[in-house]
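All residue numbers in this chain count up from 1 along the given sequence. Not measured: the values here are computed from a predicted model.
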Amino acid sequence: MSMYKSDFLNILNERGFIHQCSDLEALDEKLCEGPQSAYIGFDATAKSLHVGNLTGIMMLYWFQQCGHKPITLMGGGTSKIGDPSFKDEQRVLLDDDTINDNIKNIQSTCFKQFLNYGDAANDAMMVNNNDWLDALSYLSFLRDYGRYFTINRMISFESVKQRLDRESPLTLLEFNYMVMQGYDFLELNRRYGTILQMGGSDQWGNIINGVDLGHKSDRVQLYALTAPLLTTPDGKKMGKTVNGAVWLNGDMLSAYDYYQYWRNVDDVMVGTLLRRFTTLDMMEIRKLENLQGAEINEAKKILAFEATKICHGEQAAHDAAKTAQAVFEQGGVGGDLPSIEINADYLKDGISVVELFIETGLCNSKGEVKRLIQGGGARVNDTPISDLEQMVSSNDLTDEGHIKLSSGKKRHALVKV
């Protein structure tokens, strides 16, 4: 039985996207009145978005699937400040050229698989908040909108309280971020009739500021909706690995590595991730999340394939799955494995196995290689390594002309001449 009148809230509810809402009942009614406009903001601090942004992107995906208009707001202006949420250090400030370059990369690589952009009523729209923030006059802005923000309220938000409790410096520049984000919501409502801002639960304070500003300044009813942040069983934020962020851009992280990220998630996360990051039918998801023991690996393969398909396309997902099957189930080597190339003369003289494990990214340090060897997880061409001083040479080249390095059962790389 459906909990809500609107398809959108019912989908979000059954897929685990709802954490807080400023007024669920009123939003539900509004969504039933006809197509609405909602947005999520994305700061342009890198050339790609990452898995940590996926929850928001999928919320916009389902919003569009339900006949509404999603807006991806690029923070060309707010990226110049940096969101202080739950961070101990001020973000490195970026210049305009870097921010604009990042926006172009994100626009062309990260959203196109998830959202349909165009001129139709519910086609997605890309907007840059620098269009209005850069033109603001400081004194005029303070006079017109500063009176709606109280310091008492702003320091009550958890992201700010944590920063102050840890006695970490919080600059006036960063403190202004939530004012800018609140103003973004008002500006989008004025320009496009946008009534809903969504985001992760860590954005609640910033989003609710926009709802309040809309009410106080323009007497309009705006809505805030956040999703619970995803953490791994050990309490870490999802989307990070030992090698850094899990990027959505294939130029920064291969489709194969992206596939492997999902293939290697913790067993207890499978159901949650299938609901949130695939478009599989809920009946199929319930069946998969109830698998036990070794069968859970089949559910992980489906999760990895579906997540890769929606981000990189179906062909890339098939290629990644084929490579993974060749590596893990047949003992062979697929074509999409991460690899490095070295000079044949260099290999002829021999090269330290430690150096190769670090160069291929399988390990980050000599100490990590040592621990891997001591634990029995380091292998060359599927043969365990027992000596930290071991050298690899051209004699180790396989008939295919490469050397396969393995860290445990799930991470592999190739050394090519």
Side-chain angles (χ1 to χ4, degrees), residues 37-64 69-83 85 87 91-119 123-134 177 180-181 184-185 187-188 191-192 194 197-200 202-203 206-207 227 229-230 237-241 243-255 257-259 261-262 276-277 307-313 316:
S37 162
Y39 87 99
I40 293 178
F42 301 89
D43 273 346
T45 52
K47 291 184 185 244
S48 172
L49 300 179
H50 51 75
V51 163
N53 301 116
L54 257 189
T55 290
I57 295 174
M58 290 305 295
M59 291 172 86
L60 291 176
Y61 168 84
W62 288 116
F63 193 68
Q64 186 171 45
K69 187 178 191 68
I71 294 178
T72 47
L73 177 69
M74 298 310 301
T78 41
S79 294
K80 299 175 185 178
I81 299 175
D83 184 1
S85 295
K87 297 179 179 71
R91 180 184 283 168
V92 176
L93 299 182
L94 304 174
D95 59 41
D96 287 359
D97 288 343
T98 301
I99 291 171
N100 291 333
D101 187 48
N102 288 346
I103 289 175
K104 287 177 183 176
N105 275 283
I106 291 170
Q107 186 171 0
S108 62
T109 60
C110 297
F111 289 123
K112 62 181 180 181
Q113 298 283 4
F114 299 88
L115 301 170
N116 294 318
Y117 288 86
D119 299 322
D123 278 347
M125 177 187 293
M126 178 80 76
V127 180
N128 186 341
N129 66 10
N130 195 59
D131 291 349
W132 54 83
L133 293 181
D134 206 43
Y177 187 94
M180 296 294 100
Q181 187 167 334
D184 281 346
F185 201 171
E187 191 70 32
L188 286 170
R191 292 182 179 218
Y192 309 111
T194 304
Q197 182 183 173
M198 301 183 289
D202 59 340
Q203 289 293 310
N206 290 341
I207 298 174
L229 292 181
L230 278 184
K237 213 172 181 179
M238 269 209 72
K240 297 281 187 181
T241 70
N243 295 320
V246 181
W247 301 109
L248 304 186
N249 183 342
D251 292 338
M252 295 177 69
L253 187 78
S254 72
D257 285 331
Y258 190 79
Y259 176 97
Y261 171 77
W262 299 105
R276 198 176 283 202
F277 299 126
T308 305
K309 180 176 77 171
I310 195 171
C311 184
H312 292 285

message: Rounded at 0.5 Å granularity, tell me how far CG in Asn105 sits from CG in Asp251.
response: 8.0 Å

- prompt: Considering residues at least two apart in sequence or located in another chain, which fulfil the ring pair (Phe, Tyr, Trp, His ring centres under 6.0 Å) criterion with Phe63?
  reply: Phe8, His68

statement: Sequence neighbours excluded, the answer for side chain to side chain contact (heavy atoms under 4.5 Å, CB included) partners of Ile310 is Met58, Phe114, Thr279

task: Find out whether Tyr192 and Val127 are in side-chain contact, i.e. whether some heavy atom of one side chain is under 4.5 Å from a heavy atom of the other.
output: yes

message: I'd like to check the side chain to side chain donor-acceptor pair (under 3.5 Å) partners of Tyr259; sequence neighbours left out, ordered by chain and number.
response: none

task: Using the test ring pair (Phe, Tyr, Trp, His ring centres under 6.0 Å), find all partners of Phe277 that sit at least two apart in sequence or belong to another chain.
output: Trp262

query: Quick one: CD1 on Ile106 to CG on Asp43, what's the gap to the nearest 0.5 Å?
result: 9.0 Å

query: Can you list the residues that meet the salt bridge (charged side-chain N to carboxylate O under 4.0 Å, His left out) rule with Asp131, with sequence neighbours excluded?
result: none

message: Would you say that Leu248 contacts Ile57 through its side chain, given a criterion of any heavy-atom pair below 4.5 Å between the two side chains?
response: yes

message: Give me each pair satisfying salt bridge (Lys or Arg N to Asp or Glu O under 4.0 Å) with a member in residues 51-62, each pair once, sequence neighbours excluded.
response: none

Residues that Asp257 engages under side chain to side chain donor-acceptor pair (under 3.5 Å), provided they are two or more places apart: Ser254

message: Measuring from atom OG1 of Thr194 to atom OH of Tyr39, what distance do you get when rounded to the nearest 0.5 angstrom?
response: 8.0 Å

- prompt: Any donor and acceptor pair, going by atom type alone, linking the side chain of Ser79 with main-chain N or O of Ala44 inside 3.5 Å?
  reply: yes

- prompt: Does the side chain of Met238 come within less than 4.5 Å of Tyr261's, by heavy atoms?
  reply: yes

message: My understanding is that only residues two or more places apart in sequence, or in another chain, count here; which of them pass salt bridge (charged side-chain N to carboxylate O under 4.0 Å, His left out) with Lys69?
response: none

Asp134 (side chain) donor-acceptor with Asn130 (main chain) under 3.5 angstrom: no

Tyr117 versus Thr72, closest heavy-atom pair with distance: OH-OG1, 2.9 Å

message: Would you compute the distance between atom CG of Leu49 and atom CD of Gln107 and round it to the nearest 0.5 angstrom?
response: 11.5 Å

Atom of Met59, atom of Gly199 and distance for their closest heavy-atom approach: SD-O, 4.5 Å

message: Which heavy atom of Ser48 sits nearest to which heavy atom of Met252, and what is that distance?
response: CB-SD, 3.4 Å

- line: In terms of heavy-atom contacts, Cys311 and Gln113 come closest through O-CG, 3.0 Å

message: If I compare all heavy atoms of Leu73 with all of Asn129, which pair ends up nearest, and what's the gap?
response: CD1-N, 3.7 Å

- prompt: What pairs with Asp101 under side chain to side chain donor-acceptor pair (under 3.5 Å), at least two apart in sequence or on another chain?
  reply: Lys47

- request: Would you mind reporting whether Gln203 and Gln197 have side-chain heavy atoms less than 4.5 Å apart?
  value: no

- line: Sorted by chain and residue number, the ring pair (Phe, Tyr, Trp, His ring centres under 6.0 Å) partners of Phe42 (sequence neighbours excluded) come out as Phe111

task: Only pairs at least two apart or in different chains count here, so list each salt bridge (Lys or Arg N to Asp or Glu O under 4.0 Å) that has a residue in residues 103-115.
output: none

message: Return the CG to CG distance between Leu133 and Asn128, rounded to the nearest 0.5 Å.
response: 8.5 Å

task: Check side chain to side chain donor-acceptor pair (under 3.5 Å) between Gln64 and all other residues, then give those that pass, not counting sequence neighbours.
output: none

statement: When rounded to the nearest 0.5 Å, the distance separating CG of Leu54 from CG of Leu230 is 10.0 Å

Side-chain touch Val246/His50, heavy atoms, less than 4.5 angstrom: no

